[in-house]
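Okay, so here's the structure we're looking at.
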Amino acid sequence: MKHSVILLPLVVLIWVFLNGSVYCQGPAVVNIGAIFTFNSVIGRAAKLAMETAVDDVNADPKILNGTRLNLISEDANCSAFLGSVGAFQVLEEGVVAIIGPQSSAIAHMISEIANGLQVPLVSFAATDPTLSASQFPFFIRSTQSDSYQMAAVADLVDFYEWKEVIAIFVDDDYGRSGIAYLDDELEKRQLKISYKLPLPIQFDRGKITDMLNKSKLLGPRVYVVHVGPDPKLRIFSIAQQLEMINTNYVWLATDWLSTTLDSFSQMNKTSLRFLQGVVGLRQHIPDSSQKRAFVSRWRKLLEGLANSELNTYGFQAYDTVWTVAYSIDKFVKEHRNITFSTNDKLQKIISTEMQMRTLKVFDNGSHLHDILLKTNFTGLSGQVQFNQDRNIVSGGYDVINIDQMAIHTVGYWSNSSGFSILPQENLQRDQKNYSRLNQKLKNVTWPGGKTERPRGWVIADNGRPLRIGVPFRASFVEFATKVHNSDDMQGYCIDVFKEALKSVPYDVPYQLEPFGDGHSNPSYDGIVEMVKNGGFDAAVGDIAIVTNRTRIVDFSQPYATTGLVIVAPIHNSKSSAWVFLKPFTVEMWFVTAASFVMIAVVIWILEHRVNDDFRGPPRRQLVTMFLFSFSTLFKTNQETTESSLGKMVMVVWLFLLMVITASYTASLTSILTVQQLSSPITGIDSLIASNWPIGYQVGSFAYSYLADNLYIARSRLIKLGSPEEYEEALRKGPKGGGVGAIIDELPYVDLFLSKQTEFGIIGQPFTKSGWGFAFKRDSPLAVDISTAILKLSESGELQKIHEKWFCKMGCPGERRQNSEPNQLHMISFWGLYLLCGVFTIGALLVFLLQMVRQFVRYKRQQKKSAPPSPISSNPHCSQVIYNFFDFVDEKEEAIKKIFTQSDNPPGPVG
């Protein structure tokens with residue numbers, strides 16, 4: 001009994017010890033699964049990379065603490081069905097994580113299975129952005145999502161200023177989702193995919209040839225190719241056969257191309273001849289000693305096991321194994337064991353014949369999932385770290401260019417800094433001195449061997465020229481109409497278009513087609529609608545650029561300025577009794593009058609001492625002074641100037657007076673002879689308030705503007721179809737069955753008034769607009785035509801075309817109504833007045849200096865001749881000034897006589 005009491009605790013102690021030792025050691029083996037297509041561009045590199053990574057993990061004593069990592073691989077064989085079967089097979093082996101698959105379509109299927117059994121699915125190659133949805137919480141992506149790649153492609157298109165692209169893609173989850181994201185990214189930059197060309201998953205050369213031949217009929221020449229890796233490069237080899245790898249084309253490829261090319265051996269890179277000028281993307285992998293060592297190690301493996309060169313997905317497959325290993329190591333340290341449990345719902349659904357009862361749910365699989373998302377280490381492919389969307393943090397892309405059978409890196413792209421010629425890790429060191437405004441790439445060699453950026457589009461090569469609609473006008477045919485008994489079109493607008501085409505740097509085949517019957521003016525909204533619906537490729541004519549039209553088509557730069565104006569009958573205004581005051585402004589009259597006064601005063605000062613005509617009683621001097629000044633206007637003055645300074649001032653004054661009188665005479669003549677126009681209507685407000693009928697031109701936007709914007713009753717609007725109808729309606733007036741006024745665009749009104757004298761424009765244009773050519777939305781030709789119109793305007797050619805059509809008998813618009821006669825303003829003569837003032841003041845200063853000098857000499861002579869006095873005499877300042885003015889008032893001759901006597905005193909008598 002005593003032995004039993006001692007033995008029982010000992011057995012329990014031994015049992016606890018043994019179980020604790022096992023528990024502390026953790027599992028001997030941890031299984032992880034891998035599902036991918038073994039015999040594929042990505043699969044061949046990934047298979048060996050993962051096996052190498054597993055060997056490296058098991059050989060590293062710092063990780064898993066003696067637990068062996070076991071990789072169980074299944075071949076998906078490019079099939080979602082076989083991939084799903086493979087997923088079930090590896091899950092039956094009790095794997096704690098699945099690596100792969102490489103296909104986005106297979107990843108969608110397996111993600112649902114992983115969700116059900118709570119096994120993390122870590123893919124190194126499935127790039128479909130939709131896999132990041134919350135629908136697939138156990139899916140983790142250890143490669144870059146196509147959402148980043150498509151942002152890079154969109155930036156590339158925007159960088160080279162292309163507006164439209166053609167997308168070629170494989171019609172599966174990977175292709176459709178990628179192109180959908182590209183469409184969104186382009187739209188953010190106001191660019192677009194013009195045509196989407198899907199390829200079946202198992203496409204052959206015949207389908208590619210047919211698709212590319214059809215695309216040649218389209219206008220855009222920028223192709224974005226988003227398919228799976230293709231060692232045969234079928235799309236590009238066929239494009240070369242169809243002569244589509246030349247200077248007219250641009251080919252952009254996503255990273256499938258770089259993956260394919262990186263997998264080629266050196267002996268197999270002769271296929272690069274198909275790719276001259278192609279630009280592609282490659283996931284960026286920073287250079288490091290770790291990466292270089294692994295590449296060197298891979299080359300040794302090529303001699304034996306490896307049957308493919310290393311590509312970016314090979315690096316990421318290697319890092320994915322380490323990501324899983326680090327996470328399992330941390331998981332085992334926390335949980336000490338890995339367990340699975342059955343799912344009751346699964347057991348009820350699966351019958352015994354299905355042999356799937358072994359499927360179990362991974363206990364704490366969500367915890368391993370969370371640990372995976374917290375991974376942060378530096379691997380072969382760079383920093384391995386996941387963002388909130390369960391995607392690896394983007395490391396950016398290399399931009400590659402194939403030229404002369406070699407792959408050249410021409411720059412780098414990152415989501416934060418855009419394009420640069422330095423990789424992102426170098427930019428981060430000097431981020432303060434870099435912005436997205438500094439984006440640049442090295443020179444790219446495009447298809448055909450040129451380095452100049454291709455235009456990226458051509459006129460659609462569909463065997464027909466552009467159909468360009470032209471309004472077939474019945475009135476104002478000078479602008480645009482059909483030549484009689486001919487299919488040709490002529491007019492001012494046609495000449496502007498033809499001249500602009502000469503400046504477009506490529507050939508534009510076109511055919512002008514009349515729109516309308518020629519008996520009445522066509523609807524301009526109708527011709528614009530035809531452009532929108534594809535009836536015409538463009539419309540050329542006197543087409544006003546208004547808001548509702550800009551919503552459906554693109555307009556060129558306006559080639560003519562226009563606006564709505566009011567035309568009404570006019571009559572002569574009555575003459576005024578004070579019309580003689582109108583040539584000068586009030587300011588001009590005051591300055592002129594002040595000048596006469598100034599000249600009168602200055603001439604009197606200069607002539608008073610030497611000219612008897614300016615001496616005498618004060619009243620006489622005052623009358624003489626002003627009569628002399630004003631008589632210069634009529635050249636009737638009897639007095640003449642005798643002093644040199646006075647003569648100089650008079651020369652300048654008479655020159656000023658000659659210019660002023662000539663200008664006054666011309667202005668007064670113009671005022672008395674030019675017809676002054678007036679009308680009871682003063683502007684659009686008074687016209688609306690009058691309730692008179694208003695005329696408008698048939699087909700013009702004026703009708704909708706007046707009715708919809710100014711809310712004029714449609715019953716008041718009378719349509720008129722020709723200048724003759726304009727004249728008849730205005731002559732009849734509102735009381736005789738005509739109209740009170742006509743509202744039309746300024747160019748038509750100018751042309752109408754050039755042949756009329758009884759009508760005129762009332763007020764100013766009350767709308768501002770222009771005429772332009774209409775094109776389909778996002779048409780690149782609209783941009784080039786706009787540039788050409790600006791060149792015509794700057795060179796003066798646009799004005800010459802206008803003069804050719806409208807200035808044979810004098811340009812319209814020169815008879816515009818002026819609300820006030822042209823008056824002469826001070827600003828036109830201030831230079832003359834300044835010149836006269838400078839000479840006048842200068843002469844006055846010289847005269848004063850002479851007077852001061854003579855006065856000082858005179859006072860000295862007085863002191864010498866006066867007897868000495870014991871009383872000191874210091875006159876006050878006021879006395880000196882008074883004496884000075886008395887001296888100046890003396891005649892010059894008397895002063896000179898005093899000086900002569902002083903210089904020659906009489907000799908002693910006897």
Side-chain angles (χ1 to χ4, degrees), residues 471 473-479 516 519-526 528 542-549 560-571 677-771 812-813 815-819:
R473 295 192 58 89
S475 62
F476 298 109
V477 295
E478 292 86 350
F479 294 103
H519 300 298
S520 62
N521 293 335
S523 167
Y524 281 70
D525 287 338
V528 171
D542 45 339
I543 305 171
I545 304 173
V546 293
T547 305
N548 64 315
R549 295 173 185 172
T561 302
T562 182
L564 292 178
V565 294
I566 302 172
V567 183
I570 56 173
H571 59 272
L677 307 180
S678 64
S679 170
I681 299 170
T682 58
I684 187 63
D685 293 330
S686 63
L687 179 59
I688 294 174
S690 69
N691 288 322
W692 285 352
I694 302 172
Y696 70 93
Q697 185 184 169
V698 175
S700 170
F701 78 96
Y703 176 77
S704 59
Y705 180 82
L706 295 174
D708 299 335
N709 293 73
L710 300 184
Y711 305 106
I712 298 176
R714 296 178 189 271
S715 59
R716 291 180 58 191
L717 303 178
I718 309 299
K719 62 180 180 181
L720 304 170
S722 66
E724 293 75 20
E725 293 184 15
Y726 280 24
E727 181 181 358
E728 181 182 357
L730 288 171
R731 287 187 186 278
K732 288 182 178 180
K735 297 180 181 179
V739 297
I742 293 173
I743 292 180
D744 204 354
E745 293 179 77
L746 187 57
Y748 302 124
V749 172
D750 278 341
L751 195 58
F752 170 67
L753 294 181
S754 66
K755 303 172 184 177
Q756 299 291 334
T757 58
E758 299 179 18
F759 314 111
I761 297 175
I762 305 301
Q764 301 296 322
F766 58 89
T767 66
K768 296 292 184 181
S769 182
W771 285 350
R815 299 174 57 257
R816 297 279 176 81
Q817 174 182 351
N818 293 318
S819 59

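Quantities reported herein were computed from a predicted structural model and do not represent experimental measurements. Worth knowing before you read on, the calculation uses all heavy atoms, side chains too, and leaves out hydrogens, waters and symmetry mates.
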What residue pairs, at least two apart or across chains, pass salt bridge (charged side-chain N to carboxylate O under 4.0 Å, His left out) with a residue in residues 738-747? none
Enumerate the salt bridge (charged side-chain N to carboxylate O under 4.0 Å, His left out) contacts for residues 695-712, please, sequence neighbours excluded, ordered by first and then second residue. D708-R714
Got a sec, which residues hit side chain to side chain contact (heavy atoms under 4.5 Å, CB included) with [X], two or more places apart in sequence or on another chain?
X: S520; value: D517
X: I545; value: T550, F555, P558
X: S690; value: L687, W692, R716
X: A729; value: L720, V739

Any side-chain heavy-atom pair of [X] and [Y] under 4.5 Å:
X: L746; Y: I761; result: yes
X: Y705; Y: N548; result: no
X: L564; Y: P765; result: no
X: P471; Y: Y524; result: yes
X: V567; Y: L753; result: yes
X: I566; Y: I742; result: no

What distance separates [X] [atom1] from [Y] [atom2], expressed to the nearest 0.5 Å?
X: S700; Y: D525; atom1: OG; atom2: CG; result: 9.5 Å
X: D685; Y: T682; atom1: CG; atom2: OG1; result: 8.0 Å
X: Y696; Y: K719; atom1: OH; atom2: NZ; result: 6.0 Å

Before you tell me yes or no, could you show the steps for E758 and R731 under salt bridge (charged side-chain N to carboxylate O under 4.0 Å, His left out), namely the whole-Å CA-CA distance, both residues' side-chain angles and the distance that decides it to 0.1 Å? CA-CA 9 Å; E758 299 179 18; R731 287 187 186 278; 2.7 Å; yes
Results of side chain to side chain donor-acceptor pair (under 3.5 Å) for N521 - residues two or more places apart only: S475, Q697
Could I get the full list of side chain to side chain donor-acceptor pair (under 3.5 Å) partners for S722, not counting sequence neighbours? E724
Tell me whether S686 contacts the main-chain N or O of I681 through its side chain, where contact means a donor paired with an acceptor under 3.5 Å. no
Is a side-chain N or O of R549 found less than 3.5 angstrom from the main chain of V528, in a donor-acceptor match? no
Go through the steps to decide whether V565 and I743 satisfy the test side chain to side chain contact (heavy atoms under 4.5 Å, CB included), and finish with yes or no. CA-CA 6 Å; V565 294; I743 292 180; over 6 Å; no
Quick one: list whatever passes salt bridge (Lys or Arg N to Asp or Glu O under 4.0 Å) with E725, sequence neighbours left out. none
Contacts of K732 meeting salt bridge (Lys or Arg N to Asp or Glu O under 4.0 Å) (sequence neighbours excluded), chain-then-number -> E728
Which atoms form the tightest heavy-atom contact between L730 and A741, and what is the distance? CD2-CA, 4.0 Å
When every non-hydrogen atom of A568 is compared with those of G740, the smallest separation belongs to CB-O, 4.0 Å
Pairing residues for F479 by the ring-ring contact (aromatic ring centres under 6.0 Å, His included) criterion, not counting sequence neighbours: Y748, W771, F806
Could I get the full list of ring-ring contact (aromatic ring centres under 6.0 Å, His included) partners for Y726, not counting sequence neighbours? F476, F752
Stepwise side chain to side chain contact (heavy atoms under 4.5 Å, CB included) check, I694 with I718: CA-CA 6 Å; I694 302 172; I718 309 299; over 6 Å; no
